Amino acid sequence: MTANTQTEKTGPLPTGPLPTGTRTTRTQTAGENPAKAAIRPAKVLVRAPDPLTHSAISGQLATAPGIEVVAVGSTGPADVAVFVTERLTVDVTSTLRRLKSSLRIPVVLIPSQIDRADLFTAVECNVVAVLPRVAATSERIRETVLTAASGGGVLPTKLLGELLRQFEWMQREVLSPHGLHTSGLTPREIDVLRLMSEGLDTAEIAVRMCLSERAVKRVVFGVTQRLNLRNRPHAVAYALRSGVI
């Protein structure tokens, strides 16, 4: 996740028009010339705790270049959800989980307050950006929505640091003692895949790791079956993308 770590403290949500400027999403149909690809605005679904807040956020986004607000009750697709709340309560978390299950789109969370302990829960609910309400100017909301629509993420500096510390703690205290890794691979599996990436065959890996050839084959078979990988090269590619080798 890429993170924008600049947070402005500029007061409550404004209701005025947004500044001009464009950031758009390009779409291309099969067989279409890329040069003629249509420019499609990012479609945004807004959820707020009350009609007044919903109207204010929707109104700001509706006038923003490159953004289209999805009407309430619409069954059409959306690219991003903007979720405004006081704090991440149990009810809010349940709603976010349902949103994730039904739409599977990134969420921009605009809370009045958020605790450090809520960060993991927010990430589990597909939240890719957190914009504290005191910093939620029209421009910041627009920029954050477009960043989320393009696959990016936005976190205030302190929250980003806390999230990274929590990930490090989880790896050190929870996963590592049980031989696990955030990639879904065990230390032994990582060692086998690393040697495979260096060009060693099964017999050579067995000698290097003091295992039988059958044990090495079991490790490779376990990885490919558990992670739904096609073959050895696919397993090595997975480990490379995960950054473990």
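Keep in mind it's a predicted model, so treat the numbers as computed, not measured.
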Any donor and acceptor pair, going by atom type alone, linking the side chain of [X] with main-chain N or O of [Y] inside 3.5 Å?
{"X": "D79", "Y": "K43", "result": "yes"}
{"X": "Q225", "Y": "G222", "result": "no"}
{"X": "R188", "Y": "V216", "result": "no"}
{"X": "S58", "Y": "S55", "result": "no"}
{"X": "T186", "Y": "E189", "result": "yes"}
{"X": "N126", "Y": "V107", "result": "no"}

At their closest point, which heavy atom of [X] faces which heavy atom of [Y], and how far apart are they?
{"X": "A81", "Y": "I105", "answer": "N-CD1, 3.7 Å"}
{"X": "V69", "Y": "A62", "answer": "CG2-N, 3.6 Å"}
{"X": "A148", "Y": "V128", "answer": "CB-CG2, 3.7 Å"}
{"X": "H234", "Y": "R230", "answer": "ND1-N, 2.9 Å"}
{"X": "L131", "Y": "P111", "answer": "O-CD, 3.5 Å"}
{"X": "P132", "Y": "V130", "answer": "CD-O, 3.7 Å"}

Q. Quick one: do E86 and R133 make a salt bridge, cutoff under 4.0 Å?
A. yes
Q.
Strictly below 4.0 Å, N to O, side chains only: are E124 and R97 in salt-bridge contact?
A. yes
Supply the atom-to-atom distance [X] [atom1] to [Y] [atom2], rounded to the nearest 0.5 angstrom.
{"X": "I205", "Y": "D191", "atom1": "CD1", "atom2": "CG", "result": "10.5 Å"}
{"X": "L109", "Y": "L96", "atom1": "CG", "atom2": "CG", "result": "6.5 Å"}
{"X": "C125", "Y": "L99", "atom1": "SG", "atom2": "CG", "result": "9.5 Å"}
{"X": "R140", "Y": "I110", "atom1": "CZ", "atom2": "CD1", "result": "10.5 Å"}
{"X": "L229", "Y": "T224", "atom1": "CG", "atom2": "OG1", "result": "6.5 Å"}
{"X": "L185", "Y": "R194", "atom1": "CG", "atom2": "CZ", "result": "10.5 Å"}

Q) Taking L195 as the fixed residue, which of V236, L200, I190 is the one that meets the side-chain contact (heavy atoms from CB on, under 4.5 Å) rule? A) L200
Are [X] and [Y] side-chain neighbours, meaning at least one heavy-atom pair lies under 4.5 Å?
{"X": "I141", "Y": "L61", "answer": "yes"}
{"X": "T85", "Y": "S112", "answer": "no"}
{"X": "P106", "Y": "V80", "answer": "yes"}
{"X": "E68", "Y": "V44", "answer": "no"}
{"X": "F83", "Y": "V92", "answer": "yes"}
{"X": "R47", "Y": "V84", "answer": "no"}
{"X": "L227", "Y": "Y238", "answer": "yes"}

Q. Applying the 4.5 Å side-chain criterion to the ILVMFWY set and letting contacts propagate, would L211 and V207 be lumped into a single cluster?
A. no
Q) If you group Ile, Leu, Val, Met, Phe, Trp and Tyr by side-chain heavy-atom gaps below 4.5 Å, do F221 and M196 land in one group? A) no
Assess, by modelled atom type and distance only, whether the side chains of [X] and [Y] contain a donor and an acceptor separated by less than 3.5 Å.
{"X": "S138", "Y": "Q60", "answer": "yes"}
{"X": "D91", "Y": "S94", "answer": "no"}
{"X": "R98", "Y": "T95", "answer": "yes"}

Q | Within 6.0 angstrom of D50 CG, more than 12 heavy atoms from elsewhere | A | yes
Q) Should we say atom CZ of R208 is surrounded by more than 12 heavy atoms from elsewhere, each under 6.0 Å from it? A) no
Q: Run the numbers on R232 and T202 for side-chain hydrogen bond (donor to acceptor under 3.5 Å, both in side chains), then give the verdict.
A: CA-CA 11 Å; R232 291 189 173 203; T202 300; 2.9 Å; yes
